Peer 1: 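My questions all concern the structure below.
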Amino acid sequence: MLDIHLLRANLGNAAKELDLRGFYLDMSYFQKLVEERGSVRTNTQKLEENRNNISGRIGRLRVAGHGIDDGEIGNFLNQMKSILAQLSQAKVDLDKIECELQQFMEVIPNLPHSTVPKEGKNEDVRYWGTKKTSDSFGFSIKDHVSIGENLGLLDFETATKLSGARFSMMKGGLARLHRALAQFMLDTHTIEHGYTETYVPYLANSESLRGTGQLPKFEEDLFKIYRKKYEKEEGETDQKLQEENWYLIPTSEVPLTNSVRNEIVPLESIPIKLTALTPCFRSEAGSYGKDTRGLIRQHQFDKVELVQIVHPQKSYEALEQLVGHAEMILQKLELPYRVVLLCSNDMGFSAAKTYDIEVWLPAQNTYREISSCSNCEAFQARRMKARFRNESGKPELLHTLNGSGLAVGRCLVAVLENYQNADGSISIPKVLQPYMGGIDRLVA
RNA sequence: GGAGAGGUGGCCGAGUGGUCGAAGGCGCUCCCCUGCUAAGGGAGUAUAGGCUCAAAAGGCUUAUCGAGGGUUCGAAUCCCUCCCUCUCCGCCA
């Protein structure tokens, strides 16, 4: 959520910047709401002040021994009638306007940082490694689906039987390779990059999803969980299905970042650096026909997430480091990649600045997103009321960052395609061999 | 799932309708006192808003005692719903 005071003070500019993100900000509606709220609120508070005042006087008279039918008290009670009538109306009005304003604010995306390209074009920041093509392989390359299926270790048909489209099943060495990748990533981030390994719930409540910005705007991207809670009343045969507002996490950013929701953390406990390996669940609504083949776009995939919760003055420094941490995984795996700075209209809802890391996929002859690293500044912190006690002892909003470090399934795709051999076998990257019981090849 | 007990400020803990945003203690900050230390004395010490002020300071004010409703002129206190914690029993990976 944006700072309402700042938004008000820079309304025109904000509207322009949001326009670059494809968001139309209704300035006059906003101004109307804010002004209306001001007057309704002042009015309400005046009435409350009156009420408290008279109530206190009655209290003091009662304590002094005056009866409830005392004339003076009766007089006060009379005055109170009209105050209370006005107050109840005022509260209804205030509630309504605050609700409207909240709804308005909650769906506005974050403002892009000044270094974010505005021309609608992503910027290549750097390239790493030498990309391999069919020429450099010296044989006709296969995509990860053929490789996995030929090995007999990747099985979409059975997964479809079990669940449906966009699920997968892996077996044997491939399943182990998948696990090895995740373990390797976790170990690297905890041992070398200083993150704290975290185990988190895979079901999150709506407050958490709201905190990181998935709700209320992107509910259709999520899987929602209903838990049956039966309420039986005497003589009633109907059972009411009560909704339990849980969602399958679309990323562990949700539980990790929300760990500081409604907290004021002490200055000395930041930066907080957390990592977790979790499954991620995405409904992929509206992506019919995209990446239907293979492991690229699934309803369920594993991801090692990096989250940093930092001092506002340190967040851009932290973003560069965080990208570096994610890159390190690809470097150790010796997978070619590039880093891309996203332009404002490609960024996610909560981000102020985002770098994508794209790994080279020879079979597609292209770079594909494998990590997205964002600084959300105070956008999520404001929604979450996540604060720290600053140098002068005052509570101040934190900055939050998150990035994939990395998406395990897509990383597996990259390994399969980049490490394939002419005979259909897969070489195991050196850094993964200790996680694979020392073997250096996956063969049919 | 059944039975019971609870959820109050950074922490402990009092408070069952009225000068309560909340006694007391601990902790913390500042000051005083004291050769040093220990002890002692005093003041301060929640969060988010609004108004005031050139700004800061300050002042005034509203809300918040797990959450949300209700009763009442007035609720931490009474009633209802929900959430959470603890104890015992049952069930279970």
Side-chain angles (χ1 to χ4, degrees), chain A residues 1-9 33-99 101-102 105 199 201-208 210-211 225-234 239-246 258-270 378 381-398:
Chain A
M1 208 151 66
L2 300 178
D3 182 341
I4 196 160
H5 297 109
L6 281 179
L7 182 61
R8 228 187 144 181
L33 282 181
V34 171
E35 275 159 34
E36 217 171 293
R37 182 184 66 156
S39 66
V40 174
R41 184 169 50 197
T42 305
N43 183 241
T44 307
Q45 292 188 352
K46 282 233 168 78
L47 289 165
E48 282 173 338
E49 188 179 343
N50 275 340
R51 178 202 60 190
N52 292 348
N53 191 327
I54 295 180
S55 224
R57 291 196 200 186
I58 294 173
R60 264 164 266 145
L61 287 169
R62 295 281 289 139
V63 169
H66 292 249
I68 197 78
D69 32 9
D70 180 284
E72 211 174 338
I73 290 183
N75 198 9
F76 281 138
L77 291 181
N78 252 348
Q79 288 180 41
M80 202 61 123
K81 271 183 202 155
S82 104
I83 292 172
L84 288 175
Q86 290 178 63
L87 182 59
S88 75
Q89 183 57 49
K91 275 184 170 166
V92 169
D93 294 347
L94 185 61
D95 198 54
K96 184 166 165 273
I97 191 99
E98 282 189 330
C99 235
L101 191 58
Q102 176 73 11
M105 294 300 294
Y199 176 83
Y202 302 159
L203 298 176
N205 57 32
S206 57
E207 288 75 23
S208 294
R210 193 170 293 271
I225 297 296
Y226 293 89
R227 182 163 69 162
K228 287 176 184 175
K229 285 183 80 182
Y230 292 112
E231 239 184 27
K232 276 186 214 162
E233 297 201 359
E234 225 172 300
Q239 296 178 319
K240 283 184 215 159
L241 185 68
Q242 275 200 338
E243 196 175 294
E244 189 90 35
N245 61 348
W246 279 342
N258 274 282
S259 63
V260 291
R261 177 155 49 88
N262 291 325
E263 301 285 337
I264 303 175
V265 302
L267 184 61
E268 53 290 2
S269 71
I270 56 171
R382 191 170 293 109
R383 291 173 160 248
M384 292 191 299
K385 295 187 176 62
R387 294 161 292 173
F388 70 105
R389 215 167 271 287
N390 69 15
E391 292 76 359
S392 51
K394 291 282 163 230
E396 187 181 335
L397 291 171
L398 289 155

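Because only heavy atoms are used, hydrogens play no part in the values below, and waters and symmetry mates are left out as well, while side chains stay in. A note on names: the letters A, B, ... follow the listed sequences, proteins ahead of strands, and every chain is numbered from 1. Since we're looking at a predicted model, the values are computed, not measured.
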Peer 1: Using a cutoff of under 3.5 Å, can you pull out all pairs of nitrogen or oxygen atoms linking the protein to nucleotides 15-19 of chain B, with atom names and distances?
Peer 2:
from	atom 1	to	atom 2	distance (Å)
rG18(B)	O6	Arg62(A)	NE	3.2
rG18(B)	N2	Ser55(A)	O	3.0

Peer 1: When rounded to the nearest Å, what value does the distance between C1' atoms of rA22(B) and rU47(B) take?
Peer 2: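 After rounding to an integer number of Å, I get 15 Å for this pair.
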Peer 1: Between rG74(B) atom P and Leu47(A) atom CG, what is the distance in whole Å?
Peer 2: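 Distance, rounded to whole Å: 13 Å.
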Peer 1: Between Ala90(A) and Val40(A), what is the shortest heavy-atom contact and its length?
Peer 2: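 Result for this residue pair: O-CG1, 4.0 Å.
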Peer 1: So what does Arg37(A) hit on the nucleic acid, given a heavy-atom distance under 4.0 Å: a base, only sugar-phosphate, or nothing?
Peer 2: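 The answer is nothing, as Arg37(A) stays clear of every strand by at least 4.0 Å.
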Peer 1: Dot-bracket notation for RNA chain B is requested: 5' to 3', Watson-Crick or G-U wobble pairs only, both distances under 3.5 Å, with ( ), [ ], | and . as defined.
Peer 2: ((((((((.[[[..)..(.....]]]((((((.......))))))(((((((.....))))))).[[[[[..)....]]]]])))))))....
Peer 1: List for me each residue that meets side chain to side chain donor-acceptor pair (under 3.5 Å) alongside Ser208(A), sequence neighbours excluded, and say none if there are none.
Peer 2: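 Partners of Ser208(A) by the side chain to side chain donor-acceptor pair (under 3.5 Å) criterion, ordered by chain and then number, come out as Asn205(A), Arg261(A).
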Peer 1: If we ignore hydrogens and angles and just use 3.5 Å, is the side chain of Arg383(A) paired with the main-chain N or O of Arg210(A) as donor and acceptor?
Peer 2: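 Yes: the side chain of Arg383(A) pairs with the backbone of Arg210(A).
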Peer 1: Say we look at rU72(B) and rG18(B): how far apart would their C1' atoms be, to the nearest angstrom?
Peer 2: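 After rounding to an integer number of Å, I get 12 Å for this pair.
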Peer 1: If I pick the P atom on rA23(B) and the same atom on rC80(B), what distance separates them, to the nearest angstrom?
Peer 2: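 Nearest-Å result for rC80(B) against rA23(B) at atom P: 29 Å.
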Peer 1: For Arg8(A), enumerate each residue passing the side chain to side chain contact (heavy atoms under 4.5 Å, CB included) test, keeping only those at least two apart in sequence or located in another chain.
Peer 2: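 If we apply the side chain to side chain contact (heavy atoms under 4.5 Å, CB included) test to Arg8(A), skipping adjacent residues, the hits are Phe30(A), Val34(A), Glu35(A).
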Peer 1: Nearest-Å distance, CD (Glu268(A)) to C1' (rG10(B))?
Peer 2: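 Atom CD in Glu268(A) sits about 12 Å away from atom C1' in rG10(B).
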Peer 1: Quick one about Glu48(A) and Asn52(A) (side-chain donor to acceptor, distance below 3.5 Å, no hydrogens or angles considered), yes or no?
Peer 2: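 Distance-only check fails for Asn52(A) and Glu48(A).
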Peer 1: Considering every strand and a 4.0 Å limit on heavy-atom distances, what is the contact class for Leu84(A): base, sugar-phosphate, or nothing?
Peer 2: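 Answer is sugar-phosphate: Leu84(A) comes under 4.0 Å of backbone atoms only.
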Peer 1: Round to a whole Å and report the spacing from CZ of Arg389(A) to P of rG27(B).
Peer 2: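 One finds 19 Å between P of rG27(B) and CZ of Arg389(A), rounded.
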Peer 1: Please state whether the phosphate of rA48(B), meaning OP1 or OP2, lies under 4.0 angstrom from any side-chain nitrogen or oxygen of Arg382(A).
Peer 2: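 So the side-chain polar atoms of Arg382(A) never come under 4.0 Å of the phosphate oxygens OP1 or OP2 of rA48(B).
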Peer 1: Go through the steps to decide whether Arg389(A) and Leu267(A) satisfy the test side chain to side chain contact (heavy atoms under 4.5 Å, CB included), and finish with yes or no.
Peer 2: CA-CA 5 Å; Arg389(A) 215 167 271 287; Leu267(A) 184 61; 5.5 Å; no
Peer 1: If I pick the C1' atom on rG21(B) and the same atom on rA63(B), what distance separates them, to the nearest angstrom?
Peer 2: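 Nearest-Å result for rA63(B) against rG21(B) at atom C1': 11 Å.
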Peer 1: Please give the distance between the C1' atoms of rA46(B) and rG42(B) as a whole number of Å.
Peer 2: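 Those two atoms are separated by 23 Å.
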Peer 1: For Glu268(A), give me all partners under side chain to side chain donor-acceptor pair (under 3.5 Å), at least two apart in sequence or on another chain.
Peer 2: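 Here no residue qualifies.
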Peer 1: Mind calculating the distance between CG (Asn205(A)) and P (rC83(B)) to the nearest angstrom?
Peer 2: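 Distance, rounded to whole Å: 13 Å.
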Peer 1: Considering only atom P, compute the distance from rG69(B) to rA76(B) and round it to an integer number of Å.
Peer 2: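 It works out to 14 Å between them.
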Peer 1: Starting from C1' on rA48(B), measure out to CD on Glu98(A) and report it in whole angstrom.
Peer 2: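 So the two atoms are 12 Å apart, to the nearest Å.
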Peer 1: Would you mind telling me which residue lines up with the more 5' stretch of RNA chain B, His5(A) or Met80(A), judged by nearest nucleotide?
Peer 2: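 It is His5(A), whose closest nucleotide lies nearer the 5' terminus.
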Peer 1: So which one's nearest nucleotide on RNA chain B is more toward 5', Lys385(A) or Leu77(A)?
Peer 2: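 Residue closer to the 5' terminus by nearest nucleotide: Lys385(A).
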Peer 1: Return the polar atom pairs (N/O with N/O) between nucleotides 62-72 of chain B and the protein under 3.5 Å, or none.
Peer 2:
from	atom 1	to	atom 2	distance (Å)
rU62(B)	OP1	Asn52(A)	ND2	3.2
rU62(B)	O3'	Glu48(A)	OE1	3.3
rU62(B)	O2'	Glu48(A)	OE1	2.7
rA63(B)	OP1	Arg51(A)	NH2	2.7
rA63(B)	OP2	Asn52(A)	ND2	3.4

Peer 1: Take the protein atom CZ of Phe388(A) and the nucleotide atom P of rG10(B), then report the distance between them rounded to whole Å.
Peer 2: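 Result: 18 Å.
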Peer 1: To the nearest Å, give me how far apart CD1 (Ile97(A)) and C1' (rG50(B)) are.
Peer 2: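 Checked: the CD1 to C1' distance equals 16 Å.
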Peer 1: In sequence, state the C-alpha distance, the side-chain angles, and the governing distance for Asn50(A) and Leu87(A), and then conclude on side chain to side chain contact (heavy atoms under 4.5 Å, CB included).
Peer 2: CA-CA 10 Å; Asn50(A) 275 340; Leu87(A) 182 59; over 6 Å; no
Peer 1: Using the C1' atom in both, what is the distance from rG4(B) to rU19(B), to the nearest Å?
Peer 2: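 About 38 Å, rounded to a whole number of Å.
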Peer 1: Determine, step by step, whether Asn53(A) and Glu49(A) satisfy the side chain to side chain contact (heavy atoms under 4.5 Å, CB included) criterion, reporting the C-alpha distance in whole Å, the side-chain angles of both residues, the deciding distance to 0.1 Å, and the verdict.
Peer 2: CA-CA 6 Å; Asn53(A) 191 327; Glu49(A) 188 179 343; 5.6 Å; no
Peer 1: Using whole Å, what does the distance between atom P of nucleotide rG50(B) and atom CG of Leu94(A) come to?
Peer 2: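 It is 13 Å, rounded to the nearest whole Å.
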Peer 1: Run the numbers on Arg37(A) and Ile4(A) for side chain to side chain contact (heavy atoms under 4.5 Å, CB included), then give the verdict.
Peer 2: CA-CA 12 Å; Arg37(A) 182 184 66 156; Ile4(A) 196 160; 4.2 Å; yes
